[in-house]
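Here the structure is a predicted model, which means the values were calculated and not measured.
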Amino acid sequence: MSASPFKNIYHLRRVAETSQKPCVICYKPTTVVLVSEDGKTDFFYTCQAHLQDRGFVTPVSNAAAEAAKKRKDELEKEIEKVKKEWEDHLKDKKKAREKREKQRKEEKATEKNKDEGDERSADRREKQEHKEQLTKLEDKKEDATKTADAEQRIFNLNKDIYAMRLNNYRNVQRSKRTTELLRKPGAFPSVPTREPGSIKNDNAEAEE
């Protein structure tokens with residue numbers, strides 16, 4: 001069995017917007033190009049989103065990408081922790097409020113209204129602070145996700161996709177060889193310059 005003309009290792013490259021071409025999967029214009037390891041034998045255009053499809057490509061281990069992915073996972077856990085702590089805080093706060101309500105039954109209405117106003121202001125502040133905290137964490141998570149995607153630049157193709165690229169390469173090479181052969185002098189017999197039957201007549205004259 002002959003060796004493959006190129007390995008199943010592709011590097012991600014990007015071209016200018018003016019040079020974008022249709023994606024090999026969905027045909028949408030894209031600036032993302034996957035190039036064979038040698039940088040020239042094979043290449044094709046694909047959308048960034050398809051690089052997340054493990055039925056299409058599998059990322060090769062990359063230290064920077066792995067670090068970014070680890071950071072993203074840590075932030076996801078931190079976000080879930082903050083949400084859980086907020087839920088527990090609201091439950092505890094509700095219990096404390098119900099307890100205070102019982103104590104206020106004997107207080108004057110004006111004092112009660114003042115306390116309720118202060119509590120509402122405190123609630124608004126807490127909610128705003130919680131919202132800002134979550135927003136910051138979500139932004140950090142998004143940045144880490146983008147970094148992981150951007151840093152991942154080496155991929156292996158799915159075996160069927162790789163087989164298709166090999167077949168495509170071989171078909172192109174076969175077509176090139178055929179074209180070159182047709183252009184070579186003497187590739188086909190030349191058109192006879194004598195009139196039909198002239199060779200036979202010449203032979204008859206020679207016998208006489």
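Side-chain atoms of Thr179 come within 3.5 Å of backbone N or O of Ser175 as a donor-acceptor pair. In terms of modelled atom types and a separation under 3.5 Å, the side chain of Asn171 and the main chain of Asn167 share a donor-acceptor contact. Listed for the Asn156 side chain is a donor-acceptor partner under 3.5 Å among the backbone atoms of Asn8. Between the side chain of Thr30 and the backbone N or O of Thr46 there is at least one donor-acceptor pair closer than 3.5 Å. Checking side-chain atoms of Arg183 against main-chain N and O of Thr178 turns up no donor-acceptor pair under 3.5 Å.
With rounding to the nearest 0.5 angstrom, the CG atom of Asp53 is 8.0 Å from the CD1 atom of Ile25. Residue Arg165 holds its CZ atom at 11.5 Å from OG1 of Thr41, rounded to the nearest 0.5 Å. Separation of atoms NZ (Lys83) and CG (Leu137) is listed at 10.0 Å; rounding is to 0.5 Å. The OH atom of Tyr162 sits 3.5 Å away from the OG atom of Ser4 when rounded to the nearest 0.5 Å. How far SG of Cys47 is from NZ of Lys28: 6.5 Å, rounded to the nearest 0.5 Å. To the nearest 0.5 Å, atom NZ of residue Lys159 and atom CG of residue Leu157 are 13.5 Å apart.
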Dump the intermediate steps for side-chain contact (heavy atoms from CB on, under 4.5 Å) on Cys23 and His50, then the final yes or no.
CA-CA 9 Å; Cys23 167; His50 297 315; 3.3 Å; yes
Check against side-chain contact (heavy atoms from CB on, under 4.5 Å), Phe155 and His11
CA-CA 6 Å; Phe155 299 88; His11 291 249; over 6 Å; no
Verify side-chain contact (heavy atoms from CB on, under 4.5 Å) between Val35 and Asp42, making sure each step is shown before the conclusion.
CA-CA 6 Å; Val35 185; Asp42 187 45; over 6 Å; no
Does Glu76 form a side-chain contact (heavy atoms from CB on, under 4.5 Å) with Asp73? I'd like the steps, not just the answer.
CA-CA 5 Å; Glu76 285 179 346; Asp73 293 340; 3.9 Å; yes
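A salt bridge does not link Asp88 with Lys93: every distance from a Lys NZ or Arg NE/NH1/NH2 to an Asp or Glu carboxylate oxygen is 4.0 Å or more.
Looking only at atom types and distance, the side chain of Gln133 has no donor-acceptor partner in the side chain of Glu129 under 3.5 Å away. In the model, Gln20 has no side-chain atom that pairs as donor or acceptor with a side-chain atom of Arg14 under 3.5 Å.
Two residues are said to be in side-chain contact when any heavy atoms from C-beta on lie closer than 4.5 Å; Pro59 and Arg54 meet this criterion. Using a 4.5 Å cut-off on side-chain heavy atoms (C-beta onward), Leu166 and Pro5 make contact. You'll find the side chain of His89 reaches within 4.5 Å of the side chain of Glu126, heavy atoms only.
By the ring pair (Phe, Tyr, Trp, His ring centres under 6.0 Å) test, Phe44 is found to be paired with Tyr10, residues two or more places apart in sequence or in another chain being considered. Checked against ring pair (Phe, Tyr, Trp, His ring centres under 6.0 Å), Phe56 has no partners two or more places apart in sequence or in another chain.
The aromatic rings of His130 and Trp86 sit parallel, their planes meeting at an angle under 30°, below the 60° perpendicular limit.
Closest approach of Lys21 to Tyr45, counting heavy atoms only: CG-CZ, 3.4 Å.
Residues Val15 and Leu12 are members of separate hydrophobic clusters, defined by side-chain heavy-atom contacts under 4.5 angstrom among Ile, Leu, Val, Met, Phe, Trp and Tyr. By the rule that hydrophobic residues join a cluster once side-chain heavy atoms approach within less than 4.5 Å of another member, Ile161 and Leu51 end up as members of one cluster. Each of Tyr169 and Phe43 belongs to its own hydrophobic cluster when Ile, Leu, Val, Met, Phe, Trp and Tyr are linked at side-chain heavy-atom distances under 4.5 angstrom. In the hydrophobic clustering of ILVMFWY residues, with side-chain heavy atoms under 4.5 Å counting as a link, Met164 and Val57 come out together.
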